[in-house]
Amino acid sequence: MSEALYTTTSTAWGGREGRAATTDGRVDVSLSMPAGLGGDDGPGTNPEQLFATGYAACFHSALKGAARQQQVDLSDSVVSVTISLVGSRETGLDLAARIEAQVGGVDGPTAQRLLELAHEMCPYSRATRGNISQEVVLVGPEPD
């Protein structure tokens, strides 16, 4: 395995109805079970929200990196990631990801190619490829 460029640790107490925090204290969140999973839909976040947030930030960074490599200005872009729990408790639950990108000031074919490059580069995409359903979609209108 390669030498780590960055390492972080997060610890959870109480599962989906507890708390999670990183060792450096930068993330410290209460966790609540969503009503769709039988919980009380309390004020805390949940693992799927945290995963979607990390994936969106990582993918957007990869998209901007791909644009730099291709010498394309992507200052007008937005990435959203939707993470779903699919399946059933009886058969097992899996994750599914839908990555949506809005790209302004770039023609459709160029934007599509940049999304494909970003999907190849993004560590989240690489880690989950072949393990969960992934859909990468170019959406409009252009971001504000």
Side-chain angles (χ1 to χ4, degrees), residues 1-37 39 41-88 91-144:
M1 186 150 94
S2 301
E3 184 177 329
L5 301 176
Y6 174 74
T7 300
T8 188
T9 301
S10 186
T11 302
W13 300 268
R16 286 182 171 271
E17 297 175 300
R19 180 176 151 252
T22 56
T23 54
D24 63 7
R26 291 181 181 196
V27 175
D28 191 336
V29 295
S30 294
L31 302 169
S32 296
M33 179 87 73
L37 296 177
D41 216 14
T45 189
N46 61 63
E48 293 73 33
Q49 289 173 326
L50 295 169
F51 188 75
T53 300
Y55 203 159
C58 187
F59 194 92
H60 199 196
S61 289
L63 181 61
K64 291 170 75 173
R68 273 191 308 277
Q69 285 180 354
Q70 301 295 310
Q71 299 179 334
V72 175
D73 177 15
L74 267 196
S75 56
D76 196 17
S77 59
V78 176
V79 172
S80 297
V81 173
T82 301
I83 295 295
S84 301
L85 275 175
V86 297
S88 70
T91 61
L93 297 172
D94 292 305
L95 295 174
R98 178 179 171 92
I99 304 154
E100 295 181 349
Q102 295 176 327
V103 180
V106 178
D107 64 85
T110 300
Q112 189 62 48
R113 179 66 186 137
L114 291 173
L115 286 181
E116 292 167 7
L117 289 170
H119 194 46
E120 292 299 316
M121 295 168 56
C122 174
Y124 275 66
S125 291
R126 292 169 54 91
T128 58
R129 186 171 293 117
N131 297 311
I132 69 171
S133 170
Q134 298 173 317
E135 183 180 13
V136 181
V137 181
L138 179 63
V139 296
E142 294 182 2
D144 295 323

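Nothing here was measured: the structure is a model prediction, and the numbers come from that model.
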Response to the item:
Between Ala97 and Ile132, the two heavy atoms sitting closest are CB-CD1, 4.0 Å
Worksheet item: Are the side chain of Ser32 and the backbone of Gly44 linked by a donor-acceptor contact shorter than 3.5 Å?
Response: yes
Fill in: Atom of Tyr55, atom of Gln134 and distance for their closest heavy-atom approach
OH-NE2, 3.3 Å
Response to the item:
Correct closest heavy-atom pair for Met33 and Gly39 would be CG-CA, 3.2 Å
Worksheet item: Between the side chain of Thr22 and the main-chain N/O of Ser10, is any donor-acceptor distance below 3.5 Å?
Response: no
Practice prompt. Please examine the side chains of Leu138 and Val103, heavy atoms only from C-beta on, and report whether any two atoms are closer than 4.5 Å.
Written response: yes
Worksheet item: Donor-acceptor pair, Arg129 side chain versus Tyr124 backbone, under 3.5 Å?
Response: no
Worksheet item: So which of Val29, Asp28, Leu31 actually passes side chain to side chain contact (heavy atoms under 4.5 Å, CB included) with Arg19?
Response: Asp28
Fill in: Leu117 versus Ala66, closest heavy-atom pair with distance
CB-CB, 3.8 Å
Worksheet item: Would you say Arg126 has more than 12 foreign heavy atoms packed within less than 6.0 Å of its CZ?
Response: no
Worksheet item: Hey, does the side chain of Thr128 reach the backbone of Asn131 with a donor-acceptor pair shorter than 3.5 angstrom?
Response: no
Discussion item. Donor-acceptor check, side chain of Gln49 to backbone of Asn46, threshold 3.5 angstrom: yes or no?
Written reply: yes
Worksheet, complete the sentence: Here the pair of heavy atoms bringing Met121 nearest to Ala62 is CE-O, 3.9 Å
Worksheet entry | Under 3.5 Å: donor-acceptor pair, side chain of Thr110, backbone of Val106 | no
